[in-house]
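In this text the structure is predicted, and so the values were computed from the model without any measurement. The basis for the numbers below is simple: all heavy atoms, side chains too, and nothing from hydrogens, waters or symmetry mates. In what follows, chains are A, B, ... by sequence order, proteins preceding strands, each numbered from 1.
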Amino acid sequence: MGRQILINDLDKEGVNTLSGYKAIGGYTAIEKALKMKPEEIVEEVKKSGLRGRGGAGFPAGMKWSFIAKPPGVPRYLVCNADESEPGTFKDRFLMEKKPHILIEGMIISSFALGANTSYIYIRGEMMYVFHILEKAIQEAYDAGYLGKNILGSGYDLDLHVHCGGGAYICGEETGLIESLEGKRGNPRIKPPFPAVVGLYGCPTVVNNVETLANVPWIVNNSGDEYAKIGIGKSTGTKLISASGHINKPGVYEIELGVPVEEFIFSDKYCGGIRNGKKLKAVVAGGSSVPILPTELILKTAKGEPRLMSYESLSDGGFQTGTMLGSGGFIVMDEDTSIVKNLWNFTRFYHHESCGQCSPCREGTGWMEKVLHKFIEGHAQTKDIDLLWDIQRKIEGKTICPLGEAAAWPVAAAIRHFRSEFEEYVHQGKNMIDVKHYYRLNNLQEA
Amino acid sequence: MAKVTIDGKSIEVPDGTTILNAARMIGGDIVPPAMCYYSKLKTSGGYCRTCLVKVAQGSAKDPRPMPKPVPSCRQTVMDGMVVENITSPEIVEARAGVVEFLLLNHPLDCPICDQAGECHLQDLGYEHGKMKTRYEFKRREFEKIDIGDKIKLHMTRCILCYRCVKVADQLCSCRNHGVMNRGDVAEISTYIENVVDKDMSGNMIDVCPVGALTDKTFRFKSRVWFTKPVDAHRTCDKCCGKVRLWYKGEEVLRVTARKDKYGEVEDWICNSCRFDHKKTSDWVIEGASHIDHHSVISANHYETGKALENLKSDIERHQKQLKENKFALGQGAMNPNNV
Ligand SMILES: Cc1cc2nc3c(=O)[nH]c(=O)nc-3n(C[C@H](O)[C@H](O)[C@H](O)COP(=O)(O)O)c2cc1C
Ligand code: SF4
Ligand code: SF4
Ligand code: FES
């Protein structure tokens with residue numbers, strides 16, 4: 001346990017430049033890949049067991065093999081760098097520190113998919129990362145890794161970076177494609193899936209930054225080697241964005257399968273809860289996955305230690321488990337108000353709903369308003385049941401998974417922390433956060 | 001051809017047919033309500049979620065059920081597919097939820113809305129809604145705006161079905177109408193308040209399921225159920241010229257396209273027929289319109305036989321619902337069937 005392949009050498013001189021990246025062995029996979037057949041690369045990625053790191057965890061090799069190949073129709077690879085899930089900041093970190101690993105991954109992946117034009121769709125707020133990428137891409141063009149006849153192989157590839165306007169929904173792959181086409185970022189109704197009808201109506205693969213960054217290592221070391229890292233079907237490493245009440249917040253690369261307890265408490269990773277407080281709850285995979293209380297995040301309902309892996313985190317379904325998601329690991333200590341945190345998350349989803357389908361458009365706003373009643377101290381017990389009912393009527397009835405992403409946190413908070421909602425009801429105005437109250441009403445604190 | 005079974009009734013339909021259209025071919029109670037789908041507009045449907053159904057068996061080849069409810073207006077059938085609509089308690093509940101969401105921020109200003117009486121949201125609320133709202137917050141409001149001198153946009157009533165956007169996109173020569181902002185403050189708008197004044201733009205009024213887009217030449221002239229629909233035609237070089245005239249006494253109050261029983265127009269009409277030809281002498285009269293649409297307007301006995309039948313079955317149904325104490329929504333009281 002503990003192998004790293006993505007951010008192990010950030011301390012080396014100039015890894016954010018082409019020459020620095022080459023000094024640590026960068027751009028060797030490209031030479032190897034361009035001599036392979038595209039299908040062989042897809043096969044290696046399949047063997048590696050690499051799963052999508054954007055949230056859903058869909059096997060990358062399988063996704064690639066679904067791409068339609070009608071003759072005479074271009075294919076596209078799009079890198080999803082829209083990273084806007086609260087609690088997730090790993091893609092930004094990787095692109096900022098090591099932009100060339102993404103570029104190399106994209107060149108190999110584009111070659112494997114037969115794409116001659118590829119895009120990185122980056123979140124508009126990350127303007128400085130956009131500039132880093134632009135610079136790195138220019139370096140790659142100058143070195144002959146991009147453009148016409150790459151390294152004399154006869155393969156052409158153009159790579160563009162496109163800035164989003166700052167909407168979480170443009171991270172959803174079909175919303176992203178619409179936005180990239182210059183339209184309103186409304187998710188499309190599926191089927192057809194992007195692998196058949198994607199960007200400009202052509203077959204398209206959308207992959208997360210971290211997913212693509214794993215590809216050079218797989219090509220260099222083989223899929224079988226990659227599959228030896230990690231545990232079971234959770235192969236490889238994962239970047240975890242650790243935040244919240246821990247001593248050492250930041251981005252960590254873990255080998256999948258590290259026990260959650262070790263991840264939170266060992267000095268190698270989060271370094272325990274700050275100020276000697278007790279752990280209360282963890283949101284393990286970005287704001288949309290179900291929150292779990294201490295007893296369920298450290299151990300599964302069966303009493304086995306919970307591991308940082310796709311399977312172990314989802315053990316027990318949503319009754320007692322959660323999801324690895326995008327790896328946004330938010331830790332909350334004993335002083336945290338679950339209700340207030342939930343209100344904050346719900347505010348986010350309300351703000352970010354695209355408004356296409358009625359359950360999400362109306363339901364997210366409604367949940368936010370009901371939750372605000374708790375914060376303001378005038379909620380009643382029936383409001384807890386109302387919240388439960390609203391989230392149930394959103395879940396599974398929307399066009400894209402944002403509806404679920406808004407519903408799950410509400411369901412999980414009520415499932416595991418109902419007593420806290422009741423506390424808000426019974427205490428009423430006593431629960432008002434004075435600071436918050438003053439701020440809302442523009443009053444000076446005494 | 002594909003054989004599909006919906007609520008126990010089977011039909012063979014051409015490949016590529018949607019579940020909704022298959023259900024319409026079967027007809028009757030099992031047809032899911034559709035607030036955003038419009039067969040004459042490409043890429044319509046999928047937004048409102050009122051037409052959700054359960055696919056209990058995917059196909060003969062792959063009998064697995066689909067994991068989530070699917071929008072019947074977009075999901076095509078497979079041979080051997082088994083669909084549950086009103087026979088699935090889960091779907092009935094989901095639909096009630098969607099209706100609640102659609103009405104959540106709706107102003108319920110039916111007493112002053114021109115659409116009342118031929119409004120799909122009224123019908124939907126009446127059939128699937130609840131007596132009381134659980135929403136206790138201020139409802140969303142927008143300014144009313146004029147789009148062109150003939151069309152009024154009352155965004156507060158809009159359910160964001162996107163039909164008018166597709167009309168602007170697919171029927172008008174230059175697209176300057178769309179959706180601005182997102183989430184529950186998303187609104188229909190014209191490009192920098194550009195006037196929509198194209199030959200076919202008036203069709204937006206007909207496709208709008210609610211009173212968000214209304215005909216300014218008809219606004220506040222009369223309740224629709226006091227006007228008498230008559231089919232008529234004229235030779236027109238821009239459209240089919242086949243329309244419905246709505247009379248009050250001798251006067252033509254408005255001109256619309258002819259609508260079928262799902263509230264969809266039979267053929268588009270141009271703005272000239274709609275707004276500029278309002279004299280009986282402009283038209284060749286064909287006779288009283290047959291209104292099949294199950295709503296208040298069909299209750300005013302234009303064609304005694306059919307309408308009376310409808311009325312009778314309505315009354316029976318509502319009495320039953322009343323007995324079961326599950327009937328429906330404030331504005332129901334304005335339906336003449338209900339007094
Ligand atoms: C509302 C929403 C937001 C999303 N945001 C992102 C994102 O910011 N970055 C990302 O990689 N995937 C995001 N996804 C997941 C993508 O839709 C898609 O599954 C992913 O990019 C596929 O890449 P992968 O297979 O490599 O994980 C989002 C999904 C939803 C529903
Ligand atoms: S679920 Fe929400 S964000 Fe997704 S398409 Fe529907 S309204 Fe838009
Ligand atoms: S204005 Fe009418 S037609 Fe247009 S989106 Fe709103 S409800 Fe639909
Ligand atoms: S009619 Fe099918 S989703 Fe609106």
Side-chain angles (χ1 to χ4, degrees), chain A residues 165-170 174-175 183-192 347-370 372-373 378-380 382-383 385-387 389-404 406-407, chain B residues 35-37 43-54 66-71 73-76 90-91 93-106 121 124 133-140 158-162 165 169 175 178-188:
Chain A
Y168 172 58
I169 195 56
C170 293
T174 54
K183 302 183 192 141
R184 188 185 157 79
N186 278 358
R188 293 178 181 170
I189 293 151
K190 286 164 272 185
R347 239 168 34 144
F348 172 79
Y349 290 110
H350 172 211
H351 188 257
E352 298 298 331
S353 161
C354 82
Q356 268 190 111
C357 39
S358 23
C360 170
R361 177 180 67 237
E362 307 294 347
T364 50
W366 191 7
M367 291 197 300
E368 186 203 321
K369 292 193 183 81
V370 175
H372 196 241
K373 276 179 75 180
H378 49 80
Q380 295 163 281
K382 70 174 191 332
D383 288 319
D385 303 321
L386 177 62
L387 273 177
D389 196 50
I390 303 173
Q391 67 79 20
R392 218 164 53 86
K393 286 186 166 137
I394 300 175
E395 191 203 352
K397 293 165 191 79
T398 54
I399 296 177
C400 88
L402 191 140
E404 270 115 66
Chain B
M35 297 294 286
C36 66
Y37 170 77
T43 70
S44 67
Y47 304 109
C48 71
R49 321 304 279 180
T50 53
C51 71
L52 290 179
V53 293
K54 180 174 164 183
M66 293 193 180
K68 293 181 195 175
V70 298
C73 63
R74 295 296 286 257
Q75 178 67 49
T76 50
E90 189 191 318
I91 291 299
E93 202 203 346
R95 186 161 300 142
V98 171
V99 174
E100 183 172 30
F101 286 133
L102 284 175
L103 289 169
L104 207 62
N105 271 301
H106 194 78
L121 190 58
L124 189 77
T133 179
R134 295 187 290 172
Y135 193 65
E136 49 183 317
F137 307 99
K138 193 172 177 302
R139 289 173 192 233
R140 173 175 70 222
C158 171
I159 58 159
L160 280 170
C161 71
Y162 279 71
V165 178
D169 204 17
R175 182 176 166 211
V179 179
M180 288 203 318
N181 302 330
R182 68 181 177 222
D184 59 5
V185 293
E187 58 179 303
I188 296 295

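Distance SG/A/Cys354 to CG/B/Leu160: 9.5 Å, rounded to 0.5 Å. For the atom pair CD (A/Gln356) and SG (B/Cys161), the distance works out to 12.5 Å, reported to the nearest 0.5 Å. Separating the OG1 atom in A/Thr364 from the CZ atom in B/Phe101 is a distance of 9.0 Å, to the nearest 0.5 Å. To the nearest 0.5 angstrom, A/Arg188 atom CZ is 11.0 Å from B/Arg74 atom CZ. For the atom pair B/Arg134 CZ and A/Leu386 CG, the distance stands at 5.0 Å (nearest 0.5 Å). Considering CZ of B/Phe137 and NZ of A/Lys373, their distance stands at 5.5 Å, rounded to 0.5 Å.
With hydrogens and angles ignored, the 3.5 Å screen pairs a side-chain donor or acceptor of A/Arg184 with a backbone N or O of B/Asn181. Using modelled atom types, one side-chain atom of A/Ser358 and one backbone atom of B/Cys48 make a donor-acceptor pair closer than 3.5 Å. Judged by distance alone, the side chain of A/Arg361 and the main-chain N or O of B/Ile159 form a donor-acceptor pair under 3.5 Å. Between the side chain of B/Arg49 and the main chain of A/Lys397, a donor-acceptor pair closer than 3.5 Å is present.
Ion pair A/Glu395/B/Lys68 not flagged as a salt bridge, since none of the NZ, NE, NH1 or NH2 atoms sits closer than 4.0 Å to an Asp/Glu carboxylate oxygen. At a threshold of 4.0 Å, the pair A/Glu362-B/Arg140 counts as salt-bridged, since one of the basic side-chain nitrogens sits closer than that to a carboxylate oxygen.
In terms of heavy-atom pairs under 4.5 Å with chain A, the best-connected choice from B/Met180, B/Glu93, B/Met35, B/Gln75 is B/Glu93. Chain B forms the most heavy-atom pairs under 4.5 Å with one residue out of A/Arg392, A/His350, A/Lys393, and that residue is A/Lys393. With chain A as the partner, the residue from B/Thr43, B/Thr50, B/Asn105, B/Val70 showing the most heavy-atom pairs under 4.5 Å is B/Asn105. Among A/Pro359, A/Ser353, A/Cys357, A/Gly355, the residue with the largest count of heavy-atom pairs under 4.5 Å with chain B is A/Pro359.
Looking at B/Ala186, the atoms closer than 4.5 Å to chain A (heavy atoms on both sides) all sit in the side chain, from C-beta outward. Only the side chain of A/Glu404 has a heavy atom closer than 4.5 Å to any heavy atom of chain B. Only the backbone of A/Thr398 comes within less than 4.5 Å of a heavy atom of chain B; no side-chain atom from C-beta onward does. Contact annotation for A/Glu352: both backbone and side-chain heavy atoms come within less than 4.5 Å of a heavy atom of chain B. Residue contact with chain B, scored on non-hydrogen atoms closer than 4.5 Å, involves the backbone and the side chain of A/Ile390 alike.
Here A/Phe348 pairs with A/Tyr168 under the ring pair (Phe, Tyr, Trp, His ring centres under 6.0 Å) rule; sequence neighbours left out. Under the ring pair (Phe, Tyr, Trp, His ring centres under 6.0 Å) criterion, B/Tyr37 pairs with no residue, sequence neighbours left out.
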(request) Apply the test side chain to side chain donor-acceptor pair (under 3.5 Å) to residues B/Tyr47 and A/Asn186: give CA-CA distance (whole Å), side-chain angles for both, the deciding distance (0.1 Å), then the verdict. (result) CA-CA 11 Å; B/Tyr47 304 109; A/Asn186 278 358; 5.8 Å; no

(request) Could you check B/Val185 against A/His351 for side chain to side chain contact (heavy atoms under 4.5 Å, CB included), going step by step and ending with a plain yes or no? (result) CA-CA 9 Å; B/Val185 293; A/His351 188 257; over 6 Å; no

